[in-house]
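Okay, structure first, notes after.
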There are 2 protein chains.
Amino acid sequence: MEAGASATRAGGKNSAARPNLAAVAALAGVSASTASLAFSGAGPVSDATRAKVLAAAEQLNYGGPDPRAQSLRRGRSGIVGVVMEDRLREAFRDPMNVAMLDGLADELGTAGLGLLLLTEPGSGGPELSLAPMDAVVLVGCSTQLDRSVVALHQRGIPVVAIEAEPMVDVLAVDLDNRDATARAARHLHELGHTRVALVTLPLEPTHPRGALTEERIAASTAFTSRERIRGARDVFPAIGGVVAAGSSVEEGLIAGRELLGSGDAPTAVIAQSDLLALGVIRAAQERGIRVPEELSVVGFDGVRIEGAAPYELTTLVQPAVEKGRAAGSAIVELLAGQTPAPRAFTSEFRVGNTTGPAIS
Amino acid sequence: MEAGASATRAGGKNSAARPNLAAVAALAGVSASTASLAFSGAGPVSDATRAKVLAAAEQLNYGGPDPRAQSLRRGRSGIVGVVMEDRLREAFRDPMNVAMLDGLADELGTAGLGLLLLTEPGSGGPELSLAPMDAVVLVGCSTQLDRSVVALHQRGIPVVAIEAEPMVDVLAVDLDNRDATARAARHLHELGHTRVALVTLPLEPTHPRGALTEERIAASTAFTSRERIRGARDVFPAIGGVVAAGSSVEEGLIAGRELLGSGDAPTAVIAQSDLLALGVIRAAQERGIRVPEELSVVGFDGVRIEGAAPYELTTLVQPAVEKGRAAGSAIVELLAGQTPAPRAFTSEFRVGNTTGPAIS
DNA sequence: CGAATCGATCGAATCGATTCGAGAACGACT
DNA sequence: AGTCGTTCTCGAATCGATTCGATCGATTCG
C-alpha cells in the first residue's frame, strides 16, 4: 500500500485513488454514459463533447476504461487459454509445438485475442478455471482433462482440442497420426525390415522412461502417442520399443542407446518425433552403426532441425502452423456464435536419406 | 447467439441463462453473501449451510464464481502480460528466450499467476492495454515502448523490464551485456586478433539485414544489441560487422557468408548469440575455413545447442532461467505492495574450442 | 442471572464500465 | 405554426461477485 492509500476516502474527491470513468465524466461536465460513448466510439457524440471528455481524461491522468470492468460487462475478456501438457520448457523445445502456437497466436491476434499460457491442473499454476478466459485450446493433452472440460462447459467456455481423445462438446482439430505412422511403417516393411522398434513420446503424465509394454499402452493417457503406436502396429503387430521422457534429441539419444545396445538390435526405428529420430541417429553414430545402411530411422513432424546435416530425415510432414491456425479460426467462429466443423489434417510422407533396404 | 438466447428474460427465472451466485443462493435459501463465503472459504460458514449451497450449485450446474466478476471486485485478474519484441516463432526459436520464459512461468505459476503472451503494439495483437493484466514484463523490448509504459502506469500496472533501456518506474532486471562482451573481446585481443567483426542481433523493429553502420547503431532501438556492441568497441573501437535479422543458425550462416566472402575477411567473429555463432561456424565450414585455426568465433548465451558438436562454443554463459525467475519474483513482490530492488545478473565467460590464436 | 463473547448469517454498498430507452434541442418540411 | 425526424445526451438498470458492519441466537463467564 502506498502512502496515500489510507486517505482514499478521507481525502475527498481529489485523493490519490485512480480515476474512473465517472470522475472523468464529472470533470467534463457530462454523464458517465456519454463519457463511455466518447471512449468507445460507439454511438453519436459531438466533437465538442468528445474533446471535453478527452481533455478531462488527460487532466485526471485517466488511461481509458478499465479492462476488468469491461470484461464483466461485456462478458468477454479477450483472452484464450492454451493448455499444454508439459512445462513450458519441455513444450517449447520442440519446434513443432512452437510452429503450432505461432499459427494459433497469429489467427487469434488478428481477432484481438490474447494467448494465456496454462499448464495442466495440479501443476500448481492457475487452476485452469479461475482465469477470465473466453475460450480454451487443449494441446495434446491427456484424457485426464475430462473433469476440467466439464468445469469449462459449466462456464459456457468453448473448448477446442488439438489431437485429443474425442470429447463431447469439444471441437476437434485432428491429425492422421495413426494412418501416417502406418504409411511410414509400410515403407519400412517394403524395404524388407522386420526387426523394427518404436521410440515413443511420453505415455504418462509423469514422463517416465522405460520399455514399451502392453500395460503402459493400455494405461496411457497420451492420445497422440497411442494413435501413432496403433499405426505402427497396423503393419508390425508385435512391435516393441522404448518410451522417451520427452521430445528432444537428448531423449532420442538415450532411447537409441537403449535400443542399439540390446542383443537383437533393430534394423529400423520409428521415432514419434523428428527430434527423437535425430537422437537415435546420434546413438547409431556413437556405436559406429551407419544410417541408413545398417539402420533405418523415420521421424515425425517434418520440422527443419539445425544440426541434422548431412541427414535429411525420412519423416511425416505435418502442417503444424496450419493446425494452429485452424484451431485459432475455429475459436474465433465459436466466439461469434457459429458452429465450425471439426478439422482433420493429414501428414505427408517424405522420404529422406535415413531409410534404406534392410540388410539381407 | 444461441437458440435460447432471446428467451433469456422472457423464459422467467429458469431459462437457459447461465446461473449466477445469486441464483444458487436463492435456491439454497441463503443470502448471496453467505453463498460467496461458502465458495471462497473465507469467513465462518456452518457445514450444513455450505452443503446446501454446494448442492444448489450442483443442481443448477453452477461452476463457481465468475472470474470476470472476481477480477473487477478484487481488482486483480491473476494475469501477467509478457511482451516480446518478435513474433512468437522468432522469439521461441532461441532457447535462451524459452529458458527465461520458463523461469518466469515457474515463479509466477507458483503465485497463481498466468502468463499472457503479447506482442509489441502495432502488430495487430491485443492492444497491450485492453487486456486485464495485473503486471507486465517487457522482454528485450525496444525503447519505443515508452508510450505504452506510460499507459500502463496510468492504470497502476507495475512493469518489469528484462534488459531494457532504464525507464522511470520500471523495475529493471539486467545483464552485464556490455561488460561481458568486452571480456570476450579482450580474450580475442589477447589471442592477437585485430581483424574482428561483429554479427549482431537485429537493431531495428523491422529486422532488416545489412552492414553495421554508425547511423544504424545510433538509431537503434534494441537495447541489448547496442550494449553488446558497446562492449565490443570498448576493446576494438573501430569494429564493424553485419546485422542479422534474428537469432538463429540460419541467420548466422547468412551473416557468416557475408563476412567471410569479403575481401579482408576477419580472423575472429563476435556473434551476439550462440545460434548466430553456430551459423558463422557453418559458413566457415562451407568455405573450408577451419575453426578455430583460421577463424575464432565467440557466442553469447551459453545455451546447449544440438548439432554444435564437435565444437564447444567459446561463449558468455548467462543465467537465463534465473533472469526469468528474478523477474517473476519481482512481480510477485510488486503485486504484494513491496518495492523490490532492481536485479543485475552477470555472465560467465566460458572458453570452448572455437577460439584460438590469430594466425600470424 | 445479566453480560460478554463467539459463530453464523444477512443487507447493502461497491468494483467500473456498458447500453437501452427516453428525453431534449433544433432544423426542416407542409 | 405544428409536426416529424435528427442528433446528441442522460438516467437507470445491469454484469456477478466480495466484503464490511450489523444482527441475532446461543453459549459461557463472572
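Scope of the values below: all heavy atoms of this structure, side chains included, with no hydrogens, waters or symmetry mates.
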**OP:** Any chance you could lay out the side chain to side chain donor-acceptor pair (under 3.5 Å) test for A:Thr34 and A:Ser31, step after step, and finish with the verdict?
**Re:** CA-CA 5 Å; A:Thr34 300; A:Ser31 74; 3.2 Å; yes

Original post:
Got a sec, which residues hit side-chain contact (heavy atoms from CB on, under 4.5 Å) with A:Val170, two or more places apart in sequence or on another chain?
Top reply: A:Val149, A:His153, A:Val159, A:Ala161, A:Met167

Original post:
To the nearest 0.5 Å, what is the distance between CD1 (A:Ile79) and CZ (B:Arg68)?
Top reply: 9.5 Å

**OP:** Indicate the ring-plane relationship of A:Phe92 and B:Phe92, choosing parallel, tilted or perpendicular according to the 30° and 60° boundaries.
**Re:** parallel

**OP:** For the helix from C:dC1-D:dG30 to C:dT30-D:dA1, figure out the bend between the end axes, five pairs an end, and round to 10 degrees.
**Re:** 50°

Original post:
In this structure, which one of A:Val137, A:Val139, A:Leu138 forms a side-chain contact (heavy atoms from CB on, under 4.5 Å) with A:Val83?
Top reply: A:Leu138

Between protein and nucleic acid, restricted to nucleotides 16-23 of chain C and to nitrogen or oxygen atoms under 3.5 Å apart, what atom pairs and distances do you find?
residue: C:dA17; atom: OP1; partner: A:Tyr62; partner atom: OH; Å: 2.3
residue: C:dA17; atom: OP1; partner: A:Asp66; partner atom: N; Å: 3.1
residue: C:dA17; atom: OP2; partner: A:Leu21; partner atom: N; Å: 2.2
residue: C:dT18; atom: OP1; partner: A:Gln70; partner atom: NE2; Å: 2.7
residue: C:dT18; atom: OP2; partner: A:Ser36; partner atom: OG; Å: 2.6
residue: C:dT18; atom: O2; partner: A:Arg73; partner atom: NH1; Å: 2.1

Original post:
Are B:Glu163 and B:Thr224 close enough that a side-chain donor and a side-chain acceptor fall under 3.5 Å?
Top reply: yes

Original post:
For A:Arg343, does the CZ atom sit with more than 12 other heavy atoms under 6.0 Å from it, leaving out its own atoms?
Top reply: no

